[in-house]
Amino acid sequence: MLDRPVITLTTDFGLKDSFVGVMKGVICSINPDANIIDISHSITPHNIIEASQVIAMSYKYFPQAAIHMAVVDPGVGGQRRPLLIAADDYYFIGPDNGLFTPIFEGPHYFMKVFHITASHYYLPLKSATFHGRDIFAPVAAWLSKGVDSSKFGEEIDDYVKLDIPKPMVSGGTIEGEVIYIDNFGNAMTNITHDKIIELGMDLSEGKLKVLCKDMEINLLNYYLQAKGAGLSALLNSSGLLELFIYTDSASASFGIKIGDKVSVTSI
Amino acid sequence: MLDRPVITLTTDFGLKDSFVGVMKGVICSINPDANIIDISHSITPHNIIEASQVIAMSYKYFPQAAIHMAVVDPGVGGQRRPLLIAADDYYFIGPDNGLFTPIFEGPHYFMKVFHITASHYYLPLKSATFHGRDIFAPVAAWLSKGVDSSKFGEEIDDYVKLDIPKPMVSGGTIEGEVIYIDNFGNAMTNITHDKIIELGMDLSEGKLKVLCKDMEINLLNYYLQAKGAGLSALLNSSGLLELFIYTDSASASFGIKIGDKVSVTSI
Amino acid sequence: MLDRPVITLTTDFGLKDSFVGVMKGVICSINPDANIIDISHSITPHNIIEASQVIAMSYKYFPQAAIHMAVVDPGVGGQRRPLLIAADDYYFIGPDNGLFTPIFEGPHYFMKVFHITASHYYLPLKSATFHGRDIFAPVAAWLSKGVDSSKFGEEIDDYVKLDIPKPMVSGGTIEGEVIYIDNFGNAMTNITHDKIIELGMDLSEGKLKVLCKDMEINLLNYYLQAKGAGLSALLNSSGLLELFIYTDSASASFGIKIGDKVSVTSI
């Protein structure tokens with residue numbers, strides 16, 4: 001294992017309560033060398049799809065063997081299983097509620113999914129309502145100390161997958177939708193750079209038409225190019241088609257929200 | 001001392017200003033090996049009771065010898081003393097304004113309280129308004145490097161205790177109140193699992209009646225059990241009676257706020 | 001280099017999205033020993049002056065050789081250059097848009113400014129919209145591993161400076177303005193303790209008159225002294241004249257906002 005193994009956290013716990021701090025306390029009580037990095041604790045409460053997108057956009061930027069722990073878990077205490085996933089270079093730990101759908105969907109050259117049942121790795125006093133503290137944090141910490149992933153439970157293949165909306169292709173048009181609004185009010189869609197290239201579309205200036213809410217939107221390369229130009233589009237740093245306004249909120253100004261349809265067509 | 005001694009931070013400084021970062025800079029300038037963990041910086045400004053509850057709910061989940069620094073300090077610069085507390089396995093550093101009342105109240109098998117006066121451990125330029133930076137952070141850092149707690153000042157026993165509301169028992173009823181609303185809108189009360197057990201009450205299904213605002217509320221074991229059931233109650237992961245709605249905000253939906261009365265009675 | 005080199009982060013990325021976590025992932029992939037400390041991620045979107053003030057108030061509290069990375073960058077992808085500054089005991093990394101004006105203005109005994117062009121230190125896949133991830137984070141990480149600052153590009157001296165408002169002195173009066181509102185609603189001005197001393201003004205009680213919005217405001221030493229006294233002033237922990245109300249928001253109560261004029265005169 002690394003000298004400073006990385007454990008990332010993604011939750012809907014917010015930053016006011018002590019929940020996040022407590023999980024970090026549990027982790028560093030077991031592994032003082034863990035390097036704990038917050039991805040987000042401001043996922044909309046109970047929004048599993050949003051959390052799955054935040055993880056999908058970020059997990060590859062961490063060092064090999066990083067452990068990505070995610071807790072958005074309205075079913076805590078019920079029948080849903082705690083999971084440990086080993087996929088390519090990374091580990092994922094969290095509830096079996098679809099949170100890791102983008103990981104399951106791959107592509108990956110290697111993946112094993114374990115139902116965590118080895119309760120001797122849990123905190124001694126297990127509550128029914130805070131598995132982040134009592135199960136996921138200690139399992140992440142023990143894994144980061146080098147315990148083999150197969151020690152935490154049986155391998156399974158009937159894990160839960162969410163039906164995450166995919167873009168549709170018909171004729172020369174890709175029809176997708178807005179899947180995420182960021183801090184700047186930029187609206188990310190599920191239309192990817194890879195899909196546009198795969199269809200042989202031409203990304204050079206003036207060759208593609210982007211449509212949303214009956215507006216025709218210019219496709220540019222970076223934000224500054226849209227200075228004074230109103231609603232614009234670009235392929236963003238995650239490889240997703242994104243609608244934006246230069247130094248303003250596309251979401252607020254045009255009422256763009258998650259689920260709104262967006263299309264791309266060759267001119 | 002540990003290789004990576006833990007210092008936790010709890011403040012009302014918020015996350016926009018540089019105050020928290022500056023305290024971390026001071027700490028790691030003195031002890032580069034300190035493992036600084038945020039508990040919360042979003043305590044309601046000047047709310048000492050809220051901060052004391054956040055600390056009480058979290059401090060035990062950190063490794064032995066962890067230093068819990070808390071700065072909610074409307075009296076900074078005035079007569080209130082800076083304190084260092086050694087209690088059982090933990091240290092606490094902050095102003096003498098009642099913030100550490102739950103620690104003082106115990107139970108603990110060991111406690112010493114020091115009035116911090118050893119100004120050679122302070123930053124050279126002491127301001128009258130930011131003791132978090134100028135006194136508490138450097139003292140925490142030096143303590144984490146192994147300086148004995150008795151070196152920072154004289155032991156005292158006239159520290160400030162707040163009058164934190166306690167539940168009352170009369171006949172077969174415990175009458176308590178809401179003491180904290182969390183990120184999900186769950187309302188935690190001061191009625192504890194331990195108190196219910198101590199009174200010989202029966203926690204099995206249908207044996208206890210929970211009342212709040214003239215509503216009779218079902219006592220369940222975990223959140224999912226309340227799916228579609230409206231306002232419900234459970235004993236939460238901190239051992240406190242909590243009012244909640246499944247995937248919704250009890251506080252927002254029923255106007256439940258801090259100070260609202262809640263009672264538990266055997267049926 | 002230090003065993004645990006410090007890299008601080010100041011951005012307008014907010015805490016919901018994965019942007020900040022991703023930059024940390026990039027940094028610790030290159031240098032697992034980096035000690036990454038957040039200064040703020042809640043800078044008002046695109047507000048370069050606000051970010052420059054947050055950095056100016058905090059950078060000196062970090063250990064020698066700390067690397068201060070700041071990304072408030074509406075011109076990302078365009079002509080503006082990425083910069084690395086070595087100034088006295090610290091490094092600064094970010095866009096050439098004026099963010100580091102207070103560093104350029106000094107005083108400093110040593111400063112070199114480099115235009116970052118050594119693209120072999122960038123992430124392999126450079127996007128046009130997220131230089132925080134693709135250029136600044138990896139350059140900060142390599143610098144923290146001991147790569148010499150001159151290796152990242154050519155020295156320049158035509159970097160961008162913003163016109164940050166300075167207080168004016170006429171007769172016995174200093175006329176300044178509000179430059180920052182903090183989490184408590186305290187209003188910091190650009191009138192400094194040093195300027196007041198330089199002009200030979202007398203800071204003892206009752207010798208100075210502070211004026212804002214036609215109100216005459218008492219100058220005190222610490223917050224508690226203003227209990228029950230309404231709008232008051234003090235010289236704060238950054239050495240700036242600050243308007244405040246004891247345990248209340250001066251900004252909200254008196255509508256004080258950035259740009260409001262404030263003056264100090266000897267009585």
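Here the structure is a predicted model, which is why all the values come from computation and not from measurement.
The line from CD1 of Ile37(C) to CD1 of Ile36(B) is 5.5 Å long, rounded to the nearest 0.5 Å. Atom-to-atom distance recorded for Phe244(C):CZ and Thr129(B):OG1 is 9.0 Å, nearest 0.5 angstrom. Lys24(B) NZ to Asn35(C) CG: the interatomic distance, rounded to the nearest 0.5 Å, is 9.5 Å. Here OG of Ser58(C) is found 13.0 Å from CE of Met23(B). Values are rounded to the nearest 0.5 Å. How far SG of Cys28(B) is from OH of Tyr61(C): 14.5 Å, rounded to the nearest 0.5 Å.
Contacts between Tyr59(C) and chain B at a heavy-atom distance below 4.5 Å are absent for every atom of the residue. Residue contact with chain C, scored on non-hydrogen atoms closer than 4.5 Å, involves the backbone and the side chain of Val76(B) alike. In this structure, chain B has no heavy atom under 4.5 Å from any part of Glu242(C). Neither the backbone nor the side chain of Asp38(B) comes within contact range of chain C, judged by heavy atoms closer than 4.5 Å. Contact annotation for Leu15(C): only side-chain heavy atoms (C-beta onward) come within less than 4.5 Å of a heavy atom of chain B. Residue Ile55(C) does not touch chain B at all, counting heavy-atom pairs closer than 4.5 Å.
Heavy atoms from other residues, nucleotides or ligands lying under 6.0 Å from NZ of Lys166(B) number more than 12. Counted within 6.0 Å of CD on Glu154(B), heavy atoms from surrounding residues, nucleotides or ligands total 12 or fewer; the atom is thus considered open. Residue Asp148(B) qualifies as enclosed at atom CG: its count of foreign heavy atoms under 6.0 Å is above 12.
Top candidate by heavy-atom pairs under 4.5 Å with chain B, chosen from Ser42(C), Ser249(C), Ser237(C), is Ser237(C).
Listed for the Arg4(C) side chain is no donor-acceptor partner under 3.5 Å among the backbone atoms of Asn31(B). Ser40(C) places a side-chain N or O within donor-acceptor distance of the main-chain N or O of Lys16(B), the cut-off being under 3.5 Å. Not one N or O on the side chain of Asn221(C) forms a donor-acceptor pair closer than 3.5 Å with the backbone of Ala128(B). Side chain of Asp17(B) to backbone of Asp182(C): no donor-acceptor contact under 3.5 angstrom is found.
Considering all non-hydrogen atoms of both residues, Asn183(C) and Pro45(B) come closest at ND2-CG, 4.4 Å. Of all the heavy atoms in Ile39(C) and Ser18(B), the pair that sits closest is CG2-CB, 3.8 Å. Between Phe62(C) and Ser29(B), the shortest heavy-atom distance links the atoms C-OG, 3.4 Å.
Considering only heavy atoms from C-beta on, Phe184(C) comes within 4.5 Å of His46(B) through its side chain.
With no hydrogens or angles considered, no side-chain donor-acceptor pair links Asp73(B) and Tyr223(C) at under 3.5 Å.
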